[in-house]
Protein chains: 2
Amino acid sequence: MELPERKKRILKAIVESYINTAEPVGSKTLVNSFDTPISSATIRNEMSELEELGYLEKPHVSAGRIPSYAAYRLYVNELMERHRVAGDELEAMRLMMQAKMREMDNIMVSASKVLGEMTQHTTVSMISHTGGRRVKKCELIDVDGGFTYAVVLVTDSEVKNKMLRLSQPVEPATAAVLSTAINLALSERRLEYLLPSVQQSMGGSSAVYQMTSDILDFIRATEAGGKPEVYIDGAARLLDNREYQDTQRARELLEYFSDRSRVSELLVGEDGPNLVNVRIGPELQDPSMRDASLVFTSYQIDQNTRGIVGIIAPARMDYADVYAKLIAFTQAISGVTGQGMKRLKDAGESDERRD
Amino acid sequence: MELPERKKRILKAIVESYINTAEPVGSKTLVNSFDTPISSATIRNEMSELEELGYLEKPHVSAGRIPSYAAYRLYVNELMERHRVAGDELEAMRLMMQAKMREMDNIMVSASKVLGEMTQHTTVSMISHTGGRRVKKCELIDVDGGFTYAVVLVTDSEVKNKMLRLSQPVEPATAAVLSTAINLALSERRLEYLLPSVQQSMGGSSAVYQMTSDILDFIRATEAGGKPEVYIDGAARLLDNREYQDTQRARELLEYFSDRSRVSELLVGEDGPNLVNVRIGPELQDPSMRDASLVFTSYQIDQNTRGIVGIIAPARMDYADVYAKLIAFTQAISGVTGQGMKRLKDAGESDERRD
DNA sequence: CTTAGCACTCGGGAATATGGAGTGCTAAAA
DNA sequence: TTTTAGCACTCCATATTCCCGAGTGCTAAG
């Protein structure tokens, strides 16, 4: 059941006023918000109906109304005006991204910082590996003292490494042979035969066997995905928001942020590629985030890697602004990822997105 | 000029009371703190003198006294009782460290988390490379698409890596030759001849020349030190402290923490090896930290690498407790760094430390 | 030098007004 | 039927006042 036009207009005005002021909105303050003159009494009637419909709440009887989560949802879906950021601002973003990329060498961090700078909110970044990762190559480098360093190349542009500590040293020559064997096994994707064959040919040297086993574990762990990499920037900005003046709530959220794996769970389940996703308060299913919203989108890094970047702020956030800035962000970032974006560009990049 | 015994006892009692309660301490509450009976009037006289000496302050006339920074300094230097944590607690710490190390694979993070768990404060970790880093080995790994991945081994146990992006692909065979040449140059420490010699022998292939130059830059940058790695854990715990109930102050500190390089500056200038360093409020020279203290120490990771780990909390923190726990921490960590601590142990580890 | 006694200060919590923003309802107007 | 003016009512927020009590400094006696 569609909401009548005037109710929508009133609800929109309430949401926007509340976003700006964080104060409950009364009927009188809304009178001036419309071109067609309308009395406060009429607005009151409408507001009372909107409350029955579940879009408004009152903190107490004489305090005006505040939007419910359902209202934010409706606002995001239907009411808000989707504007674009001005061209020069977009250009500024692009330059900033370029600068940060040079400085940081980590796209996750750069993305968070740029977006945080633009929106003045807490931002979260994640790298997501789609289509399963495949280890393509494994190099063993021996270090003094019997340690071996294993470097593993995953699909295109990602590298993982790990220091393997052995109880006994392994000869460099042996390591070289082992390395060849591993890479052969990798290219043929027959890892399961590696361990028995090593045991056979190496004459049961326990150190080599152990090392091979460790390396295989590492490869398997890498292919399985491992922990998601999550980066959060500007957490302190939470405290700028009126809703987190209460230190207890702020603490709960900050505490929550320190558990990266839980945060990463918020970011799963995108609505679709190239969309801006909005998750409002209770929709996040997480008690710590009950009064906060998360707005995020993703961008391609290379064929198998996507970056996810988003904003965490109180449910009373300027969705229209954040929305526009996220779209601008993905446009800006496609200009600077350079080589990594090669394929995407060849395929014809698209700035257009819908929700 | 040494403080008379009784003044010391009173000051100690005041500091400890204030540490516990965060409330200004009055003369009457102190009466029961001494075995030799002493009247509140006498204490008042003493307190008033301690105030003149700069050890106490009054928030207002009828509110008791609070310790000044000088008082904390005196407390740490002379007054506080240095106890050790119980053996079983030490053992618990060791186990926890072991578990975290397995889970984390990053000693900095593990150290911070364990210490944070023990003290319930915000902790900071840093890795410090003493005696200059030396690149010992450099491996080149080619990746599809003409990129080359450079892995650089620094001194003993540290590894740096970087993806070098070339405009033109380099043949794997060529890369192998180059790799050998680089490692030879590294072992002879004659990097400066590498570039000309490559140009000569490789017949001026611009791709190879470019790559060599990039690699040399990378090696030099690595040896120069690069950015310090700083990790902060449990920042949210700041908000548990009464002094940071004021969101503005809390925000300032949290903001400050996000600039890792500034935080790292707090940790330079140790009093000496194997000492617990205490920096109180204004001593930190940083306006953001004006009412906080930093207590830190360092532990050996390998011959050229030291970890620094510390606690950031309000100046009104339990120095004796934190002090003991830091000492316990270094004892505990020496039990789990394992191979990396080999040399240290051979040299005979020492638990004893003075200040 | 210590201590009891006492006047004095002052913050902060409780109790108490009071203003005003906002609502819901009713009845008249459109 | 919808809109609007009017009005009684609610209740939060703020200011004001009051007063208790913890604490001090000073003085004078022990």
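Chain A is the first sequence line, chain B the second, and so forth, proteins listed ahead of strands; every chain is numbered from 1.
Regarding contacts with the backbone of dT3(D), every side-chain N or O of Ser39(A) stays at 4.0 angstrom or more from both OP1 and OP2. Between Lys58(A) and the phosphate of dG24(C), there is a side-chain N or O to OP1/OP2 separation shorter than 4.0 Å. Not one side-chain nitrogen or oxygen of Arg44(B) sits closer than 4.0 Å to the OP1 or OP2 atom of dA4(C).
The CD1-P distance, from Ile66(A) to dG22(C), rounds to 14 Å in whole Å. Met47(A) places its CE atom 15 Å from the P atom of dT4(D), with the value rounded to the nearest Å. The nearest whole Å value for the distance from the CD1 atom in Ile43(B) to the C1' atom in dT24(D) is 14 Å. Taking atom CG on Asn45(A) and atom P on dC25(C), their separation rounds to 10 Å, with Å as the unit. Atom-to-atom, NE2 of His60(A) to C1' of dG22(C) comes out at 9 Å; the value is rounded to the nearest Å. Atom CG in Leu30(B) sits roughly 15 Å away from atom P in dA22(D) (whole-Å rounding). The distance from atom CD of Glu57(B) to atom P of dT24(D) is 15 Å, rounded to the nearest whole Å. Protein atom CD of Glu23(A) is 14 Å distant from nucleotide atom C1' of dT14(D), rounded to whole Å.
Taking the side chain of Ser27(B) as heavy atoms from C-beta on, and the options dT24(D), dC10(C), dG24(C), the nearest nucleotide is dT24(D). The side chain of Ile38(B) sits closest to dT3(C) out of dT3(C), dT3(D), dG24(C). Nearest to the side-chain atoms of Ser62(B) among the listed nucleotides dG5(C), dT10(D), dT9(C) stands dT9(C).
With rounding to the nearest 0.5 Å, the separation of CG in Asp286(B) from OH in Tyr256(B) is 3.5 Å.
The two atoms that bring Gly310(B) and Leu115(B) nearest to each other are O-CD2, 4.2 Å, heavy atoms only. The two residues Arg242(A) and Ala22(A) come nearest to each other via the heavy atoms CD-CB, 3.8 Å. Of all heavy-atom pairs between Met126(A) and Ser264(A), the closest is SD-CB, 3.5 Å.
In this structure, Arg316(A) fails the cation-pi test against Tyr72(A), since its NZ or CZ atom is not both closer than 6.0 Å to the six-membered ring centre and inside 45 degrees of the ring normal.
Comparing Ser40(B) and Ser48(A) by the nucleotide of DNA chain C whose heavy atom lies nearest to each, the residue mapping closer to the 5' end is Ser40(B).
A donor and an acceptor atom never sit less than 3.5 Å apart when one is taken from the side chain of Arg65(A) and the other from the base of dG24(C).
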